[in-house]
Amino acid sequence: MSIDMAQFHQVFFEESFEGLDAMESGLLNLDMGDVNVDEINTIFRAAHSIKGGSGTFGFTSVSDFTHVMETLLDEMRDGRRRVTQPAVNVLLGSVDCLREMLQAIQAGGEIDDGSVSAHKQSLDSELNNHSAANTDQIVPSEKALESAEREPEITGWSIAFSPHLHMLKTGNEPVRMFRELSSLGDLTVTADLQGVPDLYELDPEECHLSWKLDLVGNVSVAEIDEIFDWVEDDCDLAKQARLVFPPDFGEQNYDAGVSDQLVAGAIDAGPGPGPAEPELAVKLKESKNDDSKAAKGSSSIRVDTSKIDTLINMVGELVITQSMLSLVGEHFELSKLDQLKNGLSQLERHTRELQESVMNIRMLPISFVFSRFPRLAHDISSKLGKKIELKLVGEHTEVDKTVVELLSDPLVHLVRNSLDHGIEMPDVRLAAGKPETGTVTLEAYHRGGNIVIEVCDDGKGLDKEKLRAKAIEKGLIEPDVILTDKQTYELIFMPGFSTAEKLTDISGRGVGMDVVRRNIQALGGNIEIISTLGKGSTISIHLPLTLAILDGQSIAVGDETYIVPLGSIIESLNIKEDRLNRVVGKGETFLLRDQYLPIIRMHEIFNVASAKHTKLTEGLLVVVEGQGVRCGLFVDDLLGQQQVVIKSLEANYRRVEGVSGATILGDGSVALILDIPGLVRLANQ
Amino acid sequence: MSQTGATKQVEQQEKKAQVENAQFLSFTLGKEEYGVDILRVQEIRSWEPVSRIPNVPAYEKGVVNLRGAIVPIIDLRERFDLGRSQYTPLTVVVVLQAIIGEKTRVMGVVVDAVSDVIDVEKNSIQSSPSFGARVSTEFINGLVSVNQRMVMLLDVDKLLKLDGLDTLGEINDDEIKKN
């Protein structure tokens, strides 16, 4: 029986990465000293399923590594080990290491053996520490036996195996497992028939039997575990080793187990193991990059089944409406007009709902991005010796998947900035009369058709004078320029601008704020800064909810119809002759409330020969804003507002300056969607 | 037994024929006759008004909605400098698939009339003569003679490349990556 396991790999990787995220956040939530059983169980379960899965798929290096983590976690779970910060740090490092291993396997690359064995060593030394200090307390347990299995003294195992009633329904067959066990050694099976009910009460699909298995032979616990791997949650299983020297094996066996692993690690590692304690921040950064790559590679999406259910319901409704309409249409007479109208309005409603729920499938809670920040805050605060509390608000706000993916890098940069530059050292904070612990709040909420994401800190804020001085020093502005507050803050978005006195390894490299702004703008959003010196700063990002649908205003220029994104329109007005001016005899401007707006004549810039109006006073001026630049578009007429589905021009054609995409209008014709900043660029050429 | 053997033989022959023969859709532009690989022809449509694209060469007529995809329409007559033609509902648009890298791009070309499907033996295709810089023949895969008429076989992929549709797209992708 050969199944192509490769088809399940994708799912395994997705689940494993989810598991790793769960482990990470679980580890960060752990309270030191005390053992929160729920949290540890979550972490343990995640580790365990990664181990199981990787074992099944033959990624032995992953399963071996996870096994060591599991041992450590198991001791914490049983209360045999206290939860300490060093242990948690080692585990967090191991989570990173595991993630890298899995990413390497997924990409078909090489696993960094040096880093793996280094992490394994730190795990082992964590395990050792403990066992050396507490050997006397250790009760012989499964885990202890597990280590003991490497000792040649084991002569066999006694296994009590009582499946839960439903086990057969999960597709597991005890006889097969016994057969496999018997291939490991000399197996004696005793069935316990006590639980079997009368024939009339017996459900043949339930498993009422339990077994006692005696296995004689030099068998490792891993081999046994492997056989019971799939039924672990569906049965009660107890294993006991038969040993030649039963008592006082504690310390010795631990050591034996550990040294075994060390040897294995050393073989894996080849020459020279890597550094024992890798730099967390650096690791984190790298893994983030890999994350985004992996996300681009696989384009699957996990959808809440309730969303699918709604969709199916909706389609059902649509089918009913359709059949009703066709019934009306079959023998149509004028008296049925009302019926027809009703049907059509129902159809419209269903279509709209269907559209909304289809869009909904692409929506993911923003927690997908937010969830990485507790770790970032944890690492950075411990690295810099700062005290930082990270608050996440509105993590369940849903955003389009593409937005989520493209948002994460800019957001990491902003949060890192706040943590590194914004929040002061504890003593500085105390001296300034602020609480020792700084707060960084990450908040997401909907406003209008937009989503707003704010990164807010109560740190030192931006120093306007410093910004200004820096900008003058760098030659970005003239010394005598007067800037508003907003304009001053905008300076940090200029390329090549950095306020950090020195570059640290946490921030100040890689992407700059100019790139952050460009990325946000590429998503059709904008970014704003509000700051008070000494009190903190808030950076808010406004983004459209989805990239696929937009509210548009159709405008007419001659025979052509164009769509202007509604969000960029400020107002539309008639042009009065006395408010028109010319700059240098050419550039036309319109005076609107003390502001001279440059006028872009659409028919000229797009060469529309059929334009109805060429005299400014006859047409309309649509005042638009894009990337902070305001201008007036001169058009023939306004047609109407509608939601449009954005289609790519580039899929079959190419990018066109001044156009961001196309859409299909109700009559099936194509209308171009205007790209306001591009249009301004085009007009300036 | 012998029967299955016979079918096998027929199949093999058919396969052989497929390798050696190719089918082309021929169409006319003025007095000239052209052909495109029939496997690249997605459909044949009548002319419908297009949405004009601003600031592009005149032979790029615009874009149309082809069942939800935005597809450019290129006038081959104008593209090859064979003069302009009047568009009527009888004007033919051949929708072609070009394969660039792993992507399939679709475009419509306006031709005067579709004439025939021609079977061409592959080894009867002559390479196109070179005219130097005077006549660009990059997009011509070869020449073939059908009933004493010369048919120019077009390379669909190169045709799209020629129009700069492909390269511009690539540059664009790179720019995005850089950002």
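So you know, we letter chains A, B, ... as the sequences are listed, proteins then strands, and number each from 1.
- Looking at A:I605, the atoms closer than 4.5 Å to chain B (heavy atoms on both sides) all sit in the backbone: N, CA, C or O.
- Distance check, rounded to the nearest 0.5 Å: CG of A:N607 to CZ of B:R52 gives 6.5 Å.
- Of the atoms belonging to B:V106, heavy atoms from both backbone and side chain fall under 4.5 Å from chain A.
- B:F24 is linked by a ring pair (Phe, Tyr, Trp, His ring centres under 6.0 Å) to nothing, counting only residues two or more places apart in sequence or in another chain.
- Between B:I70 and A:N652 the shortest side-chain heavy-atom distance does not fall below 4.5 Å.
- Side-chain atoms of A:K647 come within 3.5 Å of backbone atoms of B:G68 as a donor-acceptor pair (strictly under, hydrogens ignored).
- Summarising the geometry, atom CD1 belonging to B:I53 is positioned 5.0 Å from atom OH belonging to A:Y653; distances are rounded to the nearest 0.5 Å.
- Ranking A:G668, A:G658, A:S669 against chain B, the residue ahead of the rest is A:G668, based on heavy-atom pairs under 4.5 Å.
- Taking 4.5 Å as the limit, some side-chain heavy atom of A:L672 sits within range of a side-chain heavy atom of B:P54.
- Within the 4.5 angstrom heavy-atom criterion, only backbone atoms of A:S648 (N, CA, C, O) approach chain B.
- Contacts of B:E33 classified as salt bridge (charged side-chain N to carboxylate O under 4.0 Å, His left out), with partners at least two apart in sequence or in another chain: B:R149.
- The closest side-chain heavy-atom distance from B:N65 to A:L665 is not below 4.5 Å.
- Contact detail for B:S51 and A:A671: the closest heavy-atom pair is OG-N, 4.4 Å.
- At a 4.5 Å heavy-atom cutoff, the contact between A:V608 and chain B is made by backbone and side-chain atoms alike.
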